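Scroll down for the structure; my scribbles are underneath it.
Please read these numbers as outputs of a predicted model, since none were measured by experiment.
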Amino acid sequence: MVERSVAVALGTVDPALVAGVFGDDVIFVPDPTSEDIARADAAIVRADAVIDSAFLDRAPRLRVLARTGVGVDHIDVSAATARGIPVVITPGSGTRAVAEGVLALALHLVKRLALLTEMVRNGRWAERSHVPVGDLDGATIGIVGYGRIGRRVGELATAFGTRVLAYDPFNPPPANVAADDLVMLASASDVVTLHLPLTEQTHHLVDEAFLHHVRRGTILINCGRGGLVDLGAVHAALESGRLAGVGLDVFDPEPPQHHPLFDHPHVVLAPHLMGLTRRATAATFADAARGVVDVLAGRSPAAVANPDWTESRVASHRL
């Protein structure tokens, strides 16, 4: 009888979302003990799980890590690669949900929905003419990072009649939307939205120097990585009026410590959930499970964070 593989959850994973993919071939352990981790062949990894060399030492049978998303900030990818362990990612499953979240945050801030709700709730109808409600139609959105999510944001924004500018140092956008540099994008945009990975080069990309170039009244949205923004500089820009609103779905660290920015009336916050709508969540977990099954069956997974891993390394590690 063939021994079934064991996959563990590192973070909360609804077994119903992976059962259809795993079937009878993989035993799934949603709340693993240290003994379960020691015998695990695979792990489905949530965003807040820390995977370092010490963890990998405690999981000597591990053959694949599958992230429910694309961020690997908390995974020692080099250590995994050295052990021949692919780090599966699920880049397409949450694309549309995150892009919708960007537009939702932008509309909330441009249309001043929190302030208008408060006015009606508190009987301040007569003050409505004093609220500057904005438009996306005819505005310009600056998209920093033009991968799957950035491109989808551009598609949705275009449907609103919004001009699209884009900048991406890793994947240059097409000429019809490309900004020459970040300064051009910042100075020409009414809404700036961030979709770059977090690296040494992009850490605190939005800082005092960047914000010096934005036009007064700009809306800033971050559904990318929390470390892309300097919250202190953003708070100062919001207080001065250079920024008119800020929407954040990501933080550094997560969960974040309270920051004075969070108390500002023109800030809207979400706990890193824009990519976890019902449909996107189901797709993300199914894609992660498929990555596990592929690796365990000897097939190449659809997408990995460490493309230089090899099955030969896996084989040699098992000897």
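Of the residues D135, L107, D137, the one that meets the side-chain contact (heavy atoms from CB on, under 4.5 Å) test with F160 is L107.
Contacts classified as ring-ring contact (aromatic ring centres under 6.0 Å, His included) and involving residues 265-290 (residues at least two apart or in different chains) are given here: H264-H266. Note on residues 5-20: no pairs pass salt bridge (Lys or Arg N to Asp or Glu O under 4.0 Å), not counting sequence neighbours.
For the pair R83 and S53, the minimum side-chain heavy-atom distance is below 4.5 Å. No side-chain heavy atom of H203 sits less than 4.5 Å from a side-chain heavy atom of L228. Taking 4.5 Å as the limit, every side-chain heavy atom of L116 sits out of range of all side-chain heavy atoms of K111.
Side-chain N/O atoms of T90 and D287 include no donor and acceptor closer than 3.5 Å. No hydrogens or angles considered: a donor-acceptor pair under 3.5 Å links the side chains of H258 and D263. Between the side chains of H235 and E239, at least one donor-acceptor pair of N or O atoms lies under 3.5 Å. There is no side-chain donor-acceptor pair under 3.5 Å between R152 and T95. Looking only at atom types and distance, the side chain of T33 has a donor-acceptor partner in the side chain of D36 under 3.5 Å away.
Ring planes of F28 and F22: tilted class, angle from 30 to 60°.
Ion pairing between D252 and R225 fails under the 4.0 Å rule for side-chain N and carboxylate O. The existence of a salt bridge linking R163 and D190 is excluded, since no basic side-chain nitrogen approaches an acidic carboxylate oxygen closer than 4.0 Å.
Here E118 pairs with nothing under the side-chain hydrogen bond (donor to acceptor under 3.5 Å, both in side chains) rule; sequence neighbours left out.
Atom CZ of F262 has more than 12 neighbouring heavy atoms from other residues, nucleotides or ligands inside a 6.0 Å radius. Under a cut-off of 6.0 angstrom, the local environment of CZ in R112 is crowded, with over 12 non-hydrogen atoms contributed by other residues, nucleotides or ligands.
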